[in-house]
Amino acid sequence: MLIYRIIKILLLATISLHAQNGGSLSYPDARSVAMGSQFAVTSSGVYSITSNPANLALSKNQIEISTVLPIPNFSGSTGSDFLNVADFNYYFGGTRDEYGQLLGRYLNTDDKNSLLSLLNSGNEIRTSGMINLISISVNPGKEIGSIGFSVNDVFGQKMGIPKNFIELALFGNEIGKEYNFDGLALSSSYLREYDLSYARDFSKLLRKVFNKFTVGMTLKYIHGYAYSEVESANTTIYTNEDHSIQISNDMKANFAFSPDIAINWNFINTRRNSNIGVFPSPAGKGWGINLGFAAELNKVWTFGLSITDIGNIYWNNETVTYAANGNVLITDITDSELLDLITNAIEPTGAYSSGFISNLPTTLRLGATLQLDKFIKGSFPGEMLLAFGYNQGLNNSVNNTSFPLFSLGFEWKPIEVIPIRSGITIGGVDGIGWSFGFGIDAGLVEFNLATSNMSTAFIGNDSKLVHMVVGSKWKF
Amino acid sequence: MLKSKYLLNVIFTSLLLITTSCIEPPEQFIAPRYDVDLNFPVIDSLITINDFIKNDSNLVISSDPEKLGLLYYVKTDKIESFQLGDNLKIGSMETSTSMTLGSIRIEDSPFVIANVSISDIAPISEGSDAIFPPISTPINANFEEIDDFASADFESGNLELTVNNNLPVPIEFSNIIIRNIGDNSIVAQFPPSTRFVIQPFDSSQVILPINDEHVTSQLKVEGDFTTEGSNGEIVHIPTGAGLTVSLRFTDFILDRVTAILPEQEEIQIDSSQVINDSTKVERAIFEDGRILFTVNNYIDLDINVWFQIDNLKREDGSVYNDTFVIQRNSTYQIFQIESLKGWQLESDNPGELLDELKYSIKVSSYATEDERTITQRDSISVQFNFEDAVVSYVRGLIKPTPFEITESELSIDLGDLENNFSFDSIYINEPSFKLAINSSINLDVILNGKITGISDNISKELPILMELPSLVNAEFDLADYGIVEFINSFTTAGAIPTKFIFSGSGIVNPNYVVGSVSNTDSVFGSSHFELPFDIGIAGGSFIDSLEILDLNLTEEDIESINSILLTVETDNKIPINLIMCGEALDMDGNLLTKIPPDYNLSEYLVIDPPQVDNNGDVLSSQLTTQQIELRASEARQFISSPNIVLSLMFDTPPLNSIDNVKFKSTDNVYFKIYGTINYRVNN
């Protein structure tokens, strides 16, 4: 009963707060996600290339390979911090009329107020995903060090809708009220990473402290295929007593798309057709690094520290900026000169730009594990690893958040082949979350499945996040 | 084992929960519907009368301190220049002259000879010595053929006959007859008393007048030869002994001749033609015109006609003359001066007025190389015609010359008012119409003109008779001709003249005095119309369809409109009372809804007039605020209507009068319209 009470509390918490998405980018490492996204200490083998390359040198396997077979390594999530599925259904699922025809739901004042109140808790809708196309790690021995290589496609989208925006749309422009669109976010990106890692055992350096101490680094070469961001959206609308409308607008958005996508911008006259292949021409290129440290104090305690995605991408191939700027008082809609001014002030004007830089989702990751079954003196059913983690996003790029994520998780192996994993997270993008997953270790091949929002399975449409991680790897 | 089963159950359940999940996304994304109030401004505008006239150069503002700011409709149009042009002309002239050949000239007539040998006279051989016996015998001998003509009819003349006696004895030759060989007709017959008694080797000559005789080129002589002989003495008979008869014609006048002819005597005529026009010219320069010469040559000779008009001078000032060659027996030979442009008629002496043209004709013939037959009566006729003789300049006594005034139009552009504006009556205070006239004619001109005023349904004429001194530059105020009453005769009848036409005719030099004028001399100028907006209007109305602002609304947008509430605020400083209402019509002109609809407090929008003083000047503005409510169907009909007809009724204050008020450029009305639309989103 206690468990049910705990679960109920967790569910209530997740209902009232948000689902969990792993602090920053969710790597397709189902083991780490299931334990609460403890990537710094829980990633291993090929999965450590992207999260803590130092763990490569701790791998028990000489060679690991992950690819699309037998199960592709994929992490995908979508969710909102203010709208759950039930809300979404209510407002956007429509109602049937007397003839059975599906119509948009009519919102009365109470409905509109309810919808507006949802925005008190947040205003973001996010989608992110990562597909590991191939990863290889080789661990020939301490003297040589460990080497890893992986190719990943990463995509993400973040939409932040200011409450005033919704209020204006629902209730119209109330006299004497200012509507401010500050905080409007419409970001997206699609990247391909080519990662090369090297890790080595430096236990001799800290022999007096740790049994083992490894250091690793991943060099990332990145092709950017698509990117968009609202750089600024300082727009206010104010309606005066005489119904004249004051608009102050300062908006700027950057775009970059692969020339192969061939976006037909409204400021170019020629019409282009897209021609997208497996390796499109990048719109931007960048470099990044992951730095990692791993230490094993004894058979019970291990520690990990990594800083991932240090770097940026320089978008300079057919980059476009749309901007609008101006202050205008609308007093007369029949005045064509004024209408021109309004158009100039509101309507963004696009042009090719010299380029811009976007940051990678740089994140500091700390973690520690406790091998509980060895820590407790006495018999313990199977093996249990407890993990504590802290992820701190260092910027607010598309797949990142500067909200810190604290997590506590475990991996329990009542039998060797089926590890069960779960965890609790606090913070990050999604607030409080309950993660869960398991694996099947068949020796040569290992399968893993996880979600960072296990509450979805219980609360159904009250969930605000859907997240799934699957993967497999070959071990030699 | 139990543990393993338990774990497997947990895993299976978890997997099931994770993979199937319990979320139910909507089967279809449909945006919700809701009503929203949108507050928006429509118009916020201070409309001054000055705004209206920005694009109309005909509306001007008075700078007269006494009428400062008063609006005027001012229209100035050019009066079409009316030049004398082709009206300045010299009447056509035509003259014909005929002349006969008169005397006929042939080559000088040499003697023709007829020889009578000794053997025709006596049986004696020439070159011998013998006794010449007495003989009396007729003689008949042919003359050599006359080369000078084949035949000739002698009207008069002399036949000179010489007889040479080449015999050694005296002879007598009598009863002499000259005959044409052909028909044996007698050309000349010497009287019986005419006897040639000729000593040996001597000669004798006689002249015989001939009249009306026909002579051929082959003649013969007849006569009686008598001699006493040598009286028995032997005489020497020389070689060639006999008689030689020589004949020629002298001092003759031929009536007709067939011959190879030499040049005939030149024929000359000097004459004149009266200019058949009242204009007497000292000097005239032609702008256009031509002269046609028609020559008929009834003579069987090629002739050369030389023609000269003494007072007609070419562009270079030389007197006109010309020579035409006419073939024999050619009629209707036409020669012409194609263009007289630049030619002049000029009297012989300065100040002298030319009323006739002097001309000379000389006709000469060419010698022939073959036989021709001509008579004294053969003739030549020459006719010349002045045609279309238009002059560019003339000095002299110019006849009164009429001309038509080119119609000049002055249109008053009332724009939409012309068709959509009506009124019971209007009083216009002091309209003005002036004509500025310039005349470059150095003679007096009388303009017998008229102003035709035209409105939609009324057309009236105002006669205007103006005497223009030479080279005048003056302004004529048509108020003196009654233009004010003329214009108000329209407005009091409910019409506004929208067009004035100046037309009529004129006469140059009505007093028929000496002067000069050119065809480029003209009368020109401008008309200037001023209509002060110092007017009183009673019962004015204006109906117009409004240009619908394209809001790019779809039918769904329109159906989504629940209601519209418009607030209209006006602050009027234009001295006019305005009552407005509208009708939204469908494509076929059927009424959709009235604006404002019936459920509003008033069916009209009223803009009250400001207070005005006795002079018609605005004293203070008048504020009016009204609301128009358009409920769902009316709002949609209003928004979707393709045609909105606006009816305006207006009067100048005070109402029910036509006391004039002044419309000034600074008069204005402040319009502020704003509204709230209740709109169903995603309807």
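Throughout, a chain's letter reflects where its sequence line sits, starting with A, and its residues are numbered from 1.
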Exercise. Any idea which of A:Ser244, A:Gly94, A:Ala169 has the most non-hydrogen atom pairs under 4.5 angstrom with chain B?
Worked result: A:Ala169
Exercise. Judged by atom type as modelled, is there a donor-acceptor pair below 3.5 Å linking the side chain of B:Arg33 to the main-chain atoms of A:Gly104?
Worked result: yes
Exercise. Looking at B:Ile628, B:Ile558, B:Leu630, which hits side chain to side chain contact (heavy atoms under 4.5 Å, CB included) with B:Phe638?
Worked result: B:Leu630
Exercise. Which of residues 110-119 of chain A get closer than 4.5 angstrom to chain B, counting heavy atoms alone?
Worked result: A:Lys112
Exercise. Is a donor on one side and an acceptor on the other found under 3.5 Å between the side chain of B:Asn600 and the backbone of B:Glu629?
Worked result: yes
For this session: Using non-hydrogen atoms and a 4.5 Å limit, figure out which bit of A:Thr239 sits close to chain B: side chain, backbone, both or neither.
Result: side chain
Seminar exercise, completed: Partner of A:Asp87 under side chain to side chain contact (heavy atoms under 4.5 Å, CB included), picked from A:Asn84, A:Asn89, A:Val85, is A:Asn84
Problem set entry | Side chain, backbone, both or neither of A:Ala86 within contact of chain B (heavy atoms, under 4.5 Å) | neither
For this session: Using a strict 4.0 Å threshold on nitrogen-to-oxygen distance, state whether B:Asp667 and B:Lys573 make a salt bridge.
Result: no
Problem set entry | Test side-chain contact (heavy atoms from CB on, under 4.5 Å) applied to A:Lys177 and A:Phe171, step by step | CA-CA 11 Å; A:Lys177 183 176 178 64; A:Phe171 293 98; over 6 Å; no
Problem set entry | Summary of ring pair (Phe, Tyr, Trp, His ring centres under 6.0 Å) pairs that have at least one residue in residues 89-117 of chain A, sequence neighbours excluded | A:Phe88-A:Phe92, A:Phe92-B:Phe29
Exercise. Between A:Leu102, A:Ile330, A:Asn240, A:Leu170, which shows the greatest number of heavy-atom pairs under 4.5 Å with chain B?
Worked result: A:Leu170
Seminar exercise, completed: Max heavy-atom pairs within cutoff under 4.5 Å with chain A, candidates B:Ile673, B:Thr676, B:Val681, goes to B:Thr676
Exercise. Side chains of B:Asp571 and B:Ser621: is there a donor and an acceptor less than 3.5 Å apart?
Worked result: yes
